[in-house]
Asker: 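The following block contains the structure, expressed as structure tokens.
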Amino acid sequence: MNKTLSNFIYQSIFQITKLLLPFITIPIVSKALGPSGVGVYNYTNSIARYFVLVAGLGIGIYGNRQIAINRDSELKLSKTFWEIFLMSFIISVVSLLTYFVVVSFSEDRVYFYYQSLIIFAAVFDISWFFMGVEDFKKSSLSSLGGQLISFILIVLFVKDKDDLGIYILIQGINILFSQLIMWAFIKKYITFIRASFKSVLKHFFPALQYFIPKIAIILYTNLNKTLLGWLDTSEAVGFYSNTVQINGILVTLITTLDLVLLPKMSNLFSQRRINEILKVLKYSIHLQLFFSIPLAFGLLTIAPKFVPWFFGTRFEFITKTIPLVAPLIVVIPLGIAVGRQYLVPMNRVKVYNMAVINGAVVSIVTNFALIPIVGIYGAITATILAELFVTVTRMYAFIKESSFKFNIPMIFKSVISGLVMYLITSRFTLDWSASIKTTVVQVIVGVIIYMVLMTLLKANPLYELIKSRGKSFIN
């Protein structure tokens with residue numbers, strides 16, 4: 001098994017676990033805390049995330065890329081690691097101290113203090129290193145350990161609305177544990193090298209280039225919760241958060257391949273093997289669409305019967321909002337794929353930044369204009385428009401530079417198969433009650449219908465992938 005395929009499997013196991021565990025914890029949390037409690041958590045978390053953003057600077061992507069470029073020399077690798085980590089450490093500590101000063105004036109300061117754990121975790125974050133050396137096993141297992149601890153603690157201790165503070169602490173402990181455990185594996189790769197202040201400082205401005213899009217990204221992914229909590233109610237934040245939460249889980253699962261391929265693409269670029277980058281990207285995009293299109297139709301199919309038993313009857317309102325964001329399951333992964341697999345490895349930072357800046361501007365304007373008028377629907381509209389602008393900007397630049405062409409017949413067959421799946425499955429279960437049994441049957445029937453149709457239409461890329469044992473795009 002080659003390294004990329006191995007990494008993909010480790011990341012897939014981790015992402016699938018991330019997908020499965022919430023199917024137990026989300027119902028527990030939603031039913032215990034209610035829309036208001038979920039809203040308070042997400043509102044305070046959205047504020048803390050701004051400080052996590054500052055703590056991380058642009059180091060996640062920049063560090064990943066630098067480690068991938070220097071990984072063939074232990075001396076260069078060690079030197080690069082300590083320089084980037086020390087810069088990250090200093091910035092993170094300053095961000096944490098600033099956070100404590102700012103939130104001390106809030107009425108919800110106790111919850112804000114609990115949220116500080118996620119900023120503290122950023123102080124020790126070295127996940128970018130393991131991604132850069134393409135050792136996804138370590139980062140995946142560390143994150144999985146944190147997820148399992150969090151899962152057990154939530155099941156044991158989150159029982160009602162008075163456990164909101166406990167829930168926030170558990171989520172922070174999850175992230176902190178995941179970051180700390182990775183330090184046990186670092187000595188295999190590097191030796192200690194004393195870094196001078198000058199050598200640390202030289203990484204600041206290059207990393208800052210990747211910080212600009214991170215600011216924009218958090219503005220159009222996090223600002224919605226902040227403004228809803230400010231301009232509307234905590235209950236509205238709870239409805240919005242759970243609306244986009246399922247989408248986020250599915251998008252994360254789909255984009256596993258992009259995360260795995262980023263260091264590989266950076267390494268190929270350092271060797272000027274541009275044609276191979278384009279070949280890999282073309283195949284991975286279409287493989288991604290093969291999964292994302294039916295997932296979007298699948299979410300439309302299950303939402304009416306899924307929400308009442310999963311989130312609880314107090315969240316039944318979101319059966320109206322989940323279908324609105326379902327298309328983003330297709331849109332978001334496309335933009336991420338081009339960003340991670342082409343723009344970042346090719347060092348096209350200007351285009352990468354412009355895409356997310358466009359999205360942030362659209363999000364800010366739409367949120368301020370619509371939330372006071374239509375509340376949660378304004379936040380949802382802002383989310384959809386922002387993600388569309390990001391993906392369209394990235395795809396336009398990519399197609400213009402590379403002459404990339406979509407496989408329109410394959411995409412058309414995927415859409416038709418997904419639509420037929422939706423119509424048949426919805427009709428078949430129309431009079432069924434909202435229960436876990438109904439959802440399981442809908443998923444199984446939907447998968448079978450889609451796979452059979454795509455195979456009959458000779459548009460199933462999995463057949464080609466299995467036939468070639470993955471050699472066509474991951475060698």
Side-chain angles (χ1 to χ4, degrees), residues 35-54 56 99 102-103 106-108 111-112 115 118 211-252 296 299 315 317-336 339 352-394:
S36 180
V38 171
V40 171
Y41 166 75
N42 280 282
Y43 174 67
T44 55
N45 183 263
S46 74
I47 302 296
R49 288 286 171 187
Y50 297 122
F51 291 86
V52 173
L53 168 72
V54 174
Y99 173 81
V102 172
V103 301
S106 170
E107 293 180 1
D108 292 321
Y111 296 130
F112 278 117
Q115 292 282 9
I118 67 174
F211 180 59
I212 295 171
K214 284 184 70 176
I215 295 174
I217 288 170
I218 204 165
L219 285 177
Y220 75 75
T221 58
N222 209 48
L223 185 65
N224 312 64
K225 299 172 188 176
T226 306
L227 290 180
L228 268 178
W230 180 36
L231 300 173
D232 207 316
T233 63
S234 59
E235 191 174 66
V237 180
F239 287 140
Y240 172 82
S241 299
N242 277 358
T243 295
V244 299
Q245 190 167 27
I246 297 299
N247 256 37
I249 293 171
L250 296 177
V251 167
T252 300
L299 191 56
F315 281 91
F317 170 78
I318 67 175
T319 57
K320 303 174 184 177
T321 55
I322 285 179
L324 299 177
V325 298
L328 293 182
I329 297 175
V330 179
V331 173
I332 296 174
L334 272 178
I336 292 175
Y352 186 88
N353 289 354
M354 186 55 64
V356 290
I357 289 171
N358 285 345
V361 171
V362 170
S363 177
I364 293 169
V365 172
T366 310
N367 272 309
F368 274 107
L370 296 184
I371 287 178
I373 301 172
V374 290
I376 186 174
Y377 291 105
I380 289 172
T381 302
T383 299
I384 295 170
L385 290 178
E387 296 293 357
L388 276 173
F389 266 80
V390 170
T391 296
V392 168
T393 304
R394 289 178 177 175

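Given the structure is predicted, the values throughout are model-derived calculations rather than measurements.
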Asker: May I ask you to check whether Thr321 and Tyr377 show a side-chain donor-acceptor distance below 3.5 Å?
Answerer: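 Looking only at side-chain atoms, Tyr377 and Thr321 do not form any donor-acceptor pair under 3.5 Å.
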Asker: Using every non-hydrogen atom in the two residues, find where Leu228 and Ala379 come nearest and quote the distance to one decimal.
Answerer: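 That closest heavy-atom pairing would be CD1-CB, 3.8 Å.
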Asker: Within this structure, what is the CD1-CG distance for the pair Ile380 and Leu328, rounded to the nearest 0.5 Å?
Answerer: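 Going from CD1 on Ile380 over to CG on Leu328, the span is 10.0 Å.
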Asker: Which heavy atom of Gly335 sits nearest a heavy atom of Arg394, and at what distance?
Answerer: O-NH1, 2.9 Å
Asker: Establish, from distance only, whether the side-chain atoms of Thr44 and Gln115 form a donor-acceptor pair under 3.5 Å.
Answerer: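 Checked: Thr44/Gln115 side chains pair up, N/O donor to acceptor below 3.5 Å.
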Asker: Rounded to the nearest 0.5 Å, what separation is found between the CG atom of Leu250 and the CD atom of Gln245?
Answerer: 11.0 Å
Asker: Using a 4.5 Å cut-off on heavy atoms from C-beta on, say whether the side chain of Tyr43 contacts that of Ser234.
Answerer: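 SC-SC contact between Ser234 and Tyr43 ruled out.
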Asker: CD1 of Ile364 to CG of Asn224: how many Å apart, nearest 0.5 Å?
Answerer: 10.5 Å
Asker: Can Ile329 and Leu299 be said to form a side-chain contact (heavy atoms from CB on, under 4.5 Å), step by step?
Answerer: CA-CA 9 Å; Ile329 297 175; Leu299 191 56; 3.7 Å; yes
Asker: Could you pull out the closest heavy-atom pair between Val362 and Thr366, with the gap in Å?
Answerer: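 Result for this residue pair: O-OG1, 2.6 Å.
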Asker: Sequence neighbours left out, what passes ring-ring contact (aromatic ring centres under 6.0 Å, His included) with Phe389? Give chain and number order.
Answerer: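 With neighbours one apart ignored, the set is empty.
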Asker: Decide yes or no on side-chain contact (heavy atoms from CB on, under 4.5 Å) for Ile371 and Trp230, but give the supporting numbers first.
Answerer: CA-CA 10 Å; Ile371 287 178; Trp230 180 36; over 6 Å; no
Asker: Are Tyr50 and Leu223 close enough, and set up right, to give a side-chain contact (heavy atoms from CB on, under 4.5 Å), and what steps lead you there?
Answerer: CA-CA 10 Å; Tyr50 297 122; Leu223 185 65; 3.8 Å; yes
Asker: Working to the nearest 0.5 Å, report the span between CD1 of Ile384 and CD1 of Ile332.
Answerer: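 So the gap between those two atoms works out to 10.0 Å.
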Asker: Over all heavy atoms of both residues, which pair between Ile118 and Ala48 is shortest? Give the atoms and the distance, please.
Answerer: CD1-CB, 3.8 Å
Asker: Between atom CD1 of Ile376 and atom OH of Tyr240, what is the distance when rounded to the nearest 0.5 Å?
Answerer: 8.5 Å
Asker: For Ala382 and Ser363, which heavy atoms make the closest approach, and how far apart are they?
Answerer: CB-O, 3.9 Å
Asker: Just checking, any donor-acceptor pair under 3.5 angstrom between side chains of Ser46 and Thr226?
Answerer: yes
Asker: Which distance, rounded to the nearest 0.5 Å, do you find between the OG1 of Thr243 and the NZ of Lys320?
Answerer: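 Rounded to the nearest 0.5 Å, the OG1-NZ separation comes to 12.0 Å.
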Asker: Check Gly229 against Val237 and note the closest heavy-atom contact, atom names and distance.
Answerer: N-CG2, 3.3 Å
Asker: Test of understanding: with ring-ring contact (aromatic ring centres under 6.0 Å, His included), list the residues that count as partners of Tyr99, not counting sequence neighbours.
Answerer: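 For Tyr99 the ring-ring contact (aromatic ring centres under 6.0 Å, His included) partners, ignoring immediate neighbours, are Phe51.
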